[in-house]
Amino acid sequence: MITIAGLLALLVLILAVPLQIAFRLRGMDEFGGQVTIHWLYGLLRFRIPVPDPRQAAATAIGR
């Protein structure tokens with residue numbers, strides 16, 4: 001049976017691992033970029049694209 005103390009210890013252990021967040025943005029006329037999250041010393045990587053808001057609005061309108 002897992003106790004509250006065990007869950008708390010697991011949470012502290014997970015939060016003790018360094019987390020790195022990097023932002024990469026480019027352009028003035030054509031804006032774009034990406035957010036990268038590294039966890040577990042780079043073993044887990046999550047990349048989230050940042051699209052140009054003008055292109056997203058044009059796509060939503062149907063242009």
Side-chain angles (χ1 to χ4, degrees):
M1 178 173 10
I2 299 176
T3 63
I4 293 176
L7 289 175
L8 186 59
L10 181 64
L11 179 66
V12 169
L13 182 65
I14 289 172
L15 293 176
V17 177
L19 176 73
Q20 178 184 358
I21 301 175
F23 299 93
R24 181 175 297 150
L25 303 173
R26 63 184 179 279
M28 293 292 286
D29 294 330
E30 295 182 12
F31 180 80
Q34 125 181 359
V35 178
T36 306
I37 301 171
H38 294 247
W39 190 61
L40 282 175
Y41 302 101
L43 294 176
L44 294 176
R45 294 182 185 136
F46 302 100
R47 291 188 176 102
I48 304 166
V50 179
D52 187 351
R54 292 174 290 187
Q55 289 179 352
T59 303
I61 293 172
R63 293 184 180 178

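Nothing here was measured: the structure is a model prediction, and the numbers come from that model. Numbers here are sequence positions counted from 1.
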side-chain contact (heavy atoms from CB on, under 4.5 Å) between Phe46 and Thr36, worked out: CA-CA 6 Å; Phe46 302 100; Thr36 306; over 6 Å; no

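- Not counting sequence neighbours, Gln20 has no partner by the side chain to side chain donor-acceptor pair (under 3.5 Å) test.
- Hydrophobic cluster membership differs between Leu11 and Val17, with clusters built from Ile, Leu, Val, Met, Phe, Trp and Tyr side chains linked at under 4.5 angstrom.
- Note that CG of Leu40 and CD1 of Ile14 are 9.0 Å apart. Values are rounded to the nearest 0.5 Å.
- Atom CD1 of Ile4 has 12 or fewer neighbouring heavy atoms from other residues, nucleotides or ligands inside a 6.0 Å radius.
- Every residue meeting the side chain to side chain contact (heavy atoms under 4.5 Å, CB included) condition with Arg24, not counting sequence neighbours, appears here in chain and number order: Gln34.
- Closest non-hydrogen pair, Leu19 versus Trp39, comes out as CD1-CD1, 3.8 Å.
- Note on Ile21 and Leu25: same hydrophobic cluster, where clusters join Ile, Leu, Val, Met, Phe, Trp and Tyr whose side-chain heavy atoms are under 4.5 Å apart, directly or indirectly.
- Here the CD1 atom belonging to Ile37 is positioned 8.0 Å from the CZ atom belonging to Phe23, to the nearest 0.5 angstrom.
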